[in-house]
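To start, the structure under review is shown below, and the notes come after it.
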Amino acid sequence: MIHEILPVGPLQCNCSIVGDEVSHEAMVIDPGDDIEQVLAIVRRHALTVKQIVVTHAHIDHVGGAMKLRQATGAPILLNQNDYALLKMLDAQAAWVGMRSPGQVEIDQGLSEGDQVRAGSLEASVIHTPGHTEGSVCLYFPAQQKLIAGDTLFSGSIGRTDLPGGSMEKIMSSLHTRVLALPDETVVVPGHGPLTTIGEERATNPFLKL
Ligand SMILES: [Zn+2]
């Protein structure tokens with residue numbers, strides 16, 4: 001598996017470029033910004049982007065999606081429960097002092113249990129509401145890897161004080177869905193360093209609550 005992680009934009013969202021080494025088909029997860037750099041990685045590995053997956057509709061994760069769709073022709077996927085939040089990108093831009101990327105169009109929903117594919121790579125969609133109503137994690141069972149969006153961080157969890165956030169829901173998502181994964185699972189959070197499920201299970205203070 002080709003997997004490059006590029007922190008993008010002023011909030012340094014971890015954008016993942018994930019590709020099949022044989023077919024060179026790829027998916028890009030959370031193209032928040034810096035699409036030129038994302039495309040440079042795509043070209044360096046001679047990848048064909050088949051899917052643009054957005055873990056949730058916050059501007060730092062979705063801001064560059066249209067530009068990437070324009071460059072690659074790949075569809076944009078987002079969970080239906082975040083469509084309302086996606087309509088608020090102008091307001092979101094004002095909160096964080098970014099320029100609004102304009103309207104983002106979604107080509108396909110992303111529901112619990114869906115499989116997202118690129119070549120031989122396969123990820124399952126885990127719906128993990130709490131940071132936002134439509135937050136999802138992408139789980140690659142063969143690679144034991146979880147792209148966690150802003151649900152779980154190394155030593156922390158996603159904030160729940162923004163519109164659509166719920167402390168009760170994120171705790172339930174974490175305990176019933178995320179911590180159900182094997183300890184060896186490598187976690188790529190939406191921001192900051194990588195971790196593992198085992199490490200977070202043992203040391204994350206928010207998971208002791
Ligand atoms: Zn977020």
Side-chain angles (χ1 to χ4, degrees), residues 3-18 27-35 37-38 41 51-65 68 76-79 81-82 85-86 88-89 92-93 95-98 101 104 106 110 112 116 123-140 143-167 169-174 177-179 181 185-197 199-201 203-207:
H3 187 179
E4 298 258 4
I5 300 165
L6 176 72
V8 295
L11 298 177
Q12 296 284 279
C13 162
N14 284 329
C15 172
S16 276
I17 298 103
V18 175
M27 54 182 104
V28 176
I29 303 150
D30 286 350
D33 203 348
D34 298 329
I35 297 307
Q37 283 169 260
V38 172
I41 292 171
Q51 319 271 7
I52 299 168
V53 182
V54 180
T55 60
H56 65 289
H58 279 156
I59 189 169
D60 51 325
H61 295 255
V62 73
L68 185 61
I76 302 174
L77 285 60
L78 175 75
N79 181 269
N81 293 292
D82 262 6
L85 200 54
L86 192 69
M88 299 173 53
L89 278 182
Q92 290 191 44
W95 300 339
V96 295
M98 279 172 74
V104 176
I106 300 305
L110 207 52
E112 167 66 30
V116 185
S124 322
V125 175
I126 307 177
H127 183 214
T128 51
H131 175 63
T132 68
E133 199 54 51
S135 282
V136 301
C137 296
L138 269 195
Y139 179 51
F140 294 82
Q143 290 79 17
Q144 295 203 300
K145 209 170 249 192
L146 183 77
I147 311 284
D150 285 357
T151 297
L152 178 63
F153 301 115
S154 173
S156 188
I157 64 171
R159 60 190 288 187
T160 55
D161 57 331
L162 296 170
S166 158
M167 181 56 94
K169 285 184 183 175
I170 201 170
M171 292 315 289
S172 165
S173 292
L174 285 163
R177 308 305 311 278
V178 177
L179 290 183
L181 297 171
T185 310
V186 172
V187 179
V188 182
H191 303 266
L194 272 54
T195 182
T196 65
I197 292 293
E199 175 72 18
E200 296 313 304
R201 196 193 308 281
T203 65
N204 189 317
F206 295 91
L207 300 181

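Quick caveat: nothing in here was measured; it's all calculated off a predicted structure.
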- Backbone N/O of Val8 and side chain of Asp33: donor-acceptor pair under 3.5 Å: no
- Message: So which atom in Ala65 and which in Val104 form the shortest heavy-atom distance, rounded to 0.1 Å?
- Response: CB-CG1, 4.4 Å
- Task: For Val187 and Ala148, work out which heavy atoms get closest and say how close.
- Result: CG1-CB, 3.8 Å
- Establish, yes or no, whether a centroid distance under 6.0 Å links the rings of His191 and His61. yes
- Item | Heavy-atom pair of closest approach, residues Pro101 and Gly63 | CB-O, 3.2 Å
- Message: Counting C-beta onward and ignoring hydrogens, is there a side-chain heavy-atom pair between Val53 and Val28 closer than 4.5 Å?
- Response: no
- Message: Between Leu77 and Leu110, is the side-chain contact (heavy atoms from CB on, under 4.5 Å) condition met? List the steps.
- Response: CA-CA 6 Å; Leu77 285 60; Leu110 207 52; 3.6 Å; yes
- Message: Go through it in stages, so that I can follow the logic: the residues are Phe206 and Leu152, the test is side-chain contact (heavy atoms from CB on, under 4.5 Å), and I'd like the CA-CA distance, side-chain angles, deciding distance and then a yes or no.
- Response: CA-CA 10 Å; Phe206 295 91; Leu152 178 63; over 6 Å; no
- Within a strict 4.5 Å, meaning less than it, do heavy atoms of the Glu112 and Ile126 side chains meet? yes
- CD1 of Ile41 to CD1 of Ile17, rounded to nearest 0.5 Å, is 4.0 Å
- Query: Considering residues at least two apart in sequence or located in another chain, which fulfil the salt bridge (Lys or Arg N to Asp or Glu O under 4.0 Å) criterion with Lys169?
  - Reply: Glu133
- Task: Output yes when a side-chain donor or acceptor of Asp82 lies under 3.5 Å from a complementary backbone atom of His56, and no otherwise.
- Result: no
- Message: Please report the interatomic distance OG1(Thr128) to CZ(Arg177), rounded to the nearest 0.5 Å.
- Response: 8.5 Å
- Query: Where the side chain of Asp30 meets the backbone of Thr55, is there a donor-acceptor pair that is under 3.5 Å apart?
  - Reply: yes
- CG (Leu78) and CD1 (Ile106) are apart, to the nearest 0.5 Å, by 4.5 Å
- Query: For the side-chain hydrogen bond (donor to acceptor under 3.5 Å, both in side chains) test, which of Asn204, Thr203, Thr196 pairs with Glu200?
  - Reply: Asn204
- Message: Using 0.5 Å steps for rounding, measure from the CG atom of Asn14 to the CG atom of Leu194.
- Response: 7.5 Å
- Item | Least distance between heavy atoms, Phe153 atom then Gly190 atom | CE2-N, 4.0 Å
- Query: Which pair of non-hydrogen atoms, one from Asp60 and one from Cys13, has the smallest distance, and what is that distance?
  - Reply: O-CB, 3.2 Å
- Item | Polar side-chain atom of Arg159 near backbone of His131 as donor-acceptor pair, under 3.5 Å | no
- Query: Under 3.5 Å, side chain of Asn79 to main-chain N/O of Val136, donor-acceptor pair present?
  - Reply: no
- Backbone N/O of Met27 and side chain of Gln51: donor-acceptor pair under 3.5 Å: no
- Message: Would you say that Leu146 contacts Val186 through its side chain, given a criterion of any heavy-atom pair below 4.5 Å between the two side chains?
- Response: no
- Donor-acceptor pair, Asn81 side chain versus Gly134 backbone, under 3.5 Å? no
- Return the minimal non-hydrogen interatomic distance between Ser154 and Pro193, and the atom names on each side. CB-O, 3.8 Å
- Message: Checking the side chain of Ser173 only, and the main-chain atoms of Pro129 only, is there a donor and an acceptor separated by less than 3.5 Å?
- Response: yes
- Message: Are the side chains of Ile147 and Tyr139 in contact, using a 4.5 Å heavy-atom criterion?
- Response: no
- Message: Under a 3.5 Å threshold, yes or no: a donor from one side chain and an acceptor from the other, between His3 and Ser16?
- Response: yes
- Query: Would you say the side-chain atoms of Ser135 pair up with the backbone N or O of Thr132, donor to acceptor, closer than 3.5 Å?
  - Reply: yes
- Message: Please determine whether side-chain contact (heavy atoms from CB on, under 4.5 Å) holds for the pair Ile157 and Thr151, giving the CA-CA distance in whole Å, both sets of side-chain angles, and the decisive distance to 0.1 Å.
- Response: CA-CA 6 Å; Ile157 64 171; Thr151 297; over 6 Å; no
- Query: Under the 3.5 angstrom rule, does the side chain of Gln92 hit a backbone N or O of Ala57 as a donor-acceptor pair?
  - Reply: yes
- Show the numbers, then the answer: is there a side-chain contact (heavy atoms from CB on, under 4.5 Å) between Val178 and Ile197? CA-CA 8 Å; Val178 177; Ile197 292 293; 3.7 Å; yes
